[in-house]
4 protein chains.
Amino acid sequence: MPAASPDPHRRSEQSRRAILAATVELVGDLGYEQVSIEAIARQAGVGKQTIYRWWPSKGAVTLDALDESLDAVVDFPDTGDIVADLRTQMLGVSRLLTTRVGRVYQGLVAAAQSDPRLSRAHLDRVIEPAVLACRRRLATGVERGELRADIDLQGLIDLLYGVIYYRLLLHTRPLDDDQIDAVLEIAFSGARPGRPR
Amino acid sequence: MPAASPDPHRRSEQSRRAILAATVELVGDLGYEQVSIEAIARQAGVGKQTIYRWWPSKGAVTLDALDESLDAVVDFPDTGDIVADLRTQMLGVSRLLTTRVGRVYQGLVAAAQSDPRLSRAHLDRVIEPAVLACRRRLATGVERGELRADIDLQGLIDLLYGVIYYRLLLHTRPLDDDQIDAVLEIAFSGARPGRPR
Amino acid sequence: MPAASPDPHRRSEQSRRAILAATVELVGDLGYEQVSIEAIARQAGVGKQTIYRWWPSKGAVTLDALDESLDAVVDFPDTGDIVADLRTQMLGVSRLLTTRVGRVYQGLVAAAQSDPRLSRAHLDRVIEPAVLACRRRLATGVERGELRADIDLQGLIDLLYGVIYYRLLLHTRPLDDDQIDAVLEIAFSGARPGRPR
Amino acid sequence: MPAASPDPHRRSEQSRRAILAATVELVGDLGYEQVSIEAIARQAGVGKQTIYRWWPSKGAVTLDALDESLDAVVDFPDTGDIVADLRTQMLGVSRLLTTRVGRVYQGLVAAAQSDPRLSRAHLDRVIEPAVLACRRRLATGVERGELRADIDLQGLIDLLYGVIYYRLLLHTRPLDDDQIDAVLEIAFSGARPGRPR
DNA sequence: TGCTAAACGAGACGGTACGTCACGTCTTTGC
DNA sequence: GCAAAGACGTGACGTACCGTCTCGTTTAGCA
């Protein structure tokens, strides 16, 4: 397979990396609002124009910076036990959000509140792939009879991931193991009494 | 008994109202980031210093402005049917967040991402009272045998309200009736098959 | 002749003194521009309104504060030697302007540059009385034959006091004894050669 | 010979000119105190930062603005008649100070009262060159025997220019022809009687 | 001696300008 | 011809004072 042909006056990969790294570092350490594009350029040893040339806004840089840190988490395991697999994945996400990546993500969501294009990009590039992967895993669970066939998959996904966002954005601490268990217990067994377990 | 001595130089209620009203209007119309304190002062016909005298930041003004719009929603009905009552309340919240108040709330949460004191105030003044009211209503449901006695109430609350935040902050449209039904169905009956309904 | 009717609720002499004293102290120490009316009120332990009630501007307060420090200097001695008497008086003025009073005076003149009413008041209350006193002493000198009868008295006064202002306002150090002698030598004997001394 | 390395990012001559022109216009028309840096920036069509980048204060801008208007006046004619030449120059200065330049100069001196660095700059860039030029012309007069050899040149200069400052800063009208003649008469022939003319 | 009205301290108010920071654009120089 | 450097016009930041306007609280003179 031949290498993709590079642009003749191609952008500097080195600058790109430096910018994204500086973004993660600064936003992770100081918080999104406290970081200016000028500061990122300074930290990355790059001219401001080089940022403006390739990204429309600080939020867009942040999204790109985040993107590379998030790839791993989208994968869903499939051990045959749907609840255990969800627990594994949710725990992974919760833990990742405990690190600097969490601060960056908080910043991204904050920025997206006032920037529809950024919000759109966030949905397209982060949320939708994750939801799709989750939905596929849940569908497998339905096929195998682990889940009720009439379940509203979107509702289930919203329920499970809503908790994580709620915790992240309200700055209550991320879910720990027990809390994830409690949430999964309710989601899969229901809150009403009388169900045989 | 002498009358309590009133403050000699008390703050102007008229200015306070004008500032909060201007904040709701501007943030609701233009979005949080697009609104400056100068614009709020201008719109309210007030000096900037009058804002800075009484609030530490734009976020704090926003929280106060929101506070007054939110009082109604905290109340939980008690008709004897816990699921129906939750549906009523969640629908009320979802609908309120469809209005300008929703934009204001998005702004508040965004601001709180970079301002720990504001985040704290948000939790204390908005989240905690709402959660408490919800918990009380759920506790009543447990007493009446409508809910499993061993349920994790906090987990249930996180689950239900997490969905709302998830929708609000990701700018997917707020929950409609059917979606609320689907969420409640899962939360109260569980996703696993085999439960008699 | 009936006594002037005093105000029934007359102004506080104590406050007046405190304000003028605070003005001399602050302006003398920090410089005119660096002192605000709020600072004077603070320093004097007085409400702002008490200043605004009695003076139209900071410059007016400064003029009043100065006025009391300047009374002594207007007096001209008359020992029979016009040059010696002028030397005595000019030296007194120059020395006074070395103290805090000098800084206050600099402030007054600066303020008067942008405030015609203040400039007018300065002329009427400070300059004119001093010039008048000087002119009277010079007239005596003319009568006694110490001065040429055809001399332009105003020109002579301008010349002598112009030097003092020039030094004060350009912040070159005030005239010392020798410099005053040199100036008087020129003014009274002329710069052209050939005059018998 | 290698070219001197030019600054890579040099300042805009156009903005500099616009700022100085706006300063002369505004200060000349409205008075120094009445003009803010914001107004100068507005009038010049320039950002405030561009002023603050290159000047430390309004006074410094004013000094630069003045500087260019003052170059012509420093020159002393030399017709061989020292008194006539001084009359020519003093009249030129007095007339210049009747124009907008006079208002600007009043503002500069006022500002210098509270700003030692500005005062220093004023002395170095305006006063000293003028005094030097005057001293040179007077020295020529001494050499030619027009002036007494033992005259105190600095005292004579202070005397002559003190009058002009006195008039300018006290807002009595600038010297006219006759007044300059009177002053020169005294300075060069003295106030005492008996001198042959 | 108690009443009344001004002057008082305090300080909130609507404003203007301050001097700083960051924005996003533009231009110049160097690799 | 992209990248660094950084000046530019713009505009918001948060602060300091402006001069005006209440507030209660002295404090005098008149009753």
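Phosphate contact (OP1/OP2 of dC2(F), side-chain N/O of Arg53(A), threshold under 4.0 Å): absent. Listed pair Trp54(C) / dC8(E) meets the phosphate criterion, a side-chain N or O lying under 4.0 Å from OP1 or OP2. Contact annotation: Arg10(B) side-chain N/O to dC23(F) OP1/OP2 distance is under 4.0 Å. In this structure, Ser15(B) reaches the dG14(E) phosphate: one of its side-chain N or O atoms is under 4.0 Å from OP1 or OP2. Side-chain nitrogen and oxygen atoms of Thr50(D) include at least one within less than 4.0 Å of the OP1 or OP2 phosphate oxygen of dG9(F).
A cation-pi arrangement, defined by a distance under 6.0 Å to the six-membered ring centre and an angle within 45 degrees of its axis, is absent between Arg16(A) and Trp54(A).
Between the CD1 atom of Ile40(D) and the P atom of dA17(E) there is a distance of 12 Å, given to the nearest Å. Atom-to-atom, CD of Glu33(B) to C1' of dA12(F) comes out at 12 Å; the value is rounded to the nearest Å. Between the CD1 atom of Ile51(D) and the C1' atom of dC8(F) there is a distance of 13 Å, given to the nearest Å.
Between the side chain of Lys48(C) and the backbone N or O of Arg42(C) there is no donor-acceptor pair closer than 3.5 Å. For the pair Gln43(C) (side chain) and Leu26(C) (backbone), a donor-acceptor distance under 3.5 Å is absent. Panel note: side chain Thr62(C), backbone Lys58(C); a donor-acceptor pair is recorded below 3.5 Å.
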How does each nucleotide of nucleotides 19-26 of chain E score, in 5' to 3' order, for protein heavy atoms under 4.0 Å: base (B), sugar-phosphate only (S), or none (-)?
-> BBBSBBBB
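Every residue two or more places apart in sequence or in another chain that forms a salt bridge (charged side-chain N to carboxylate O under 4.0 Å, His left out) with Arg125(A) is listed here: Asp64(A), Asp67(A).
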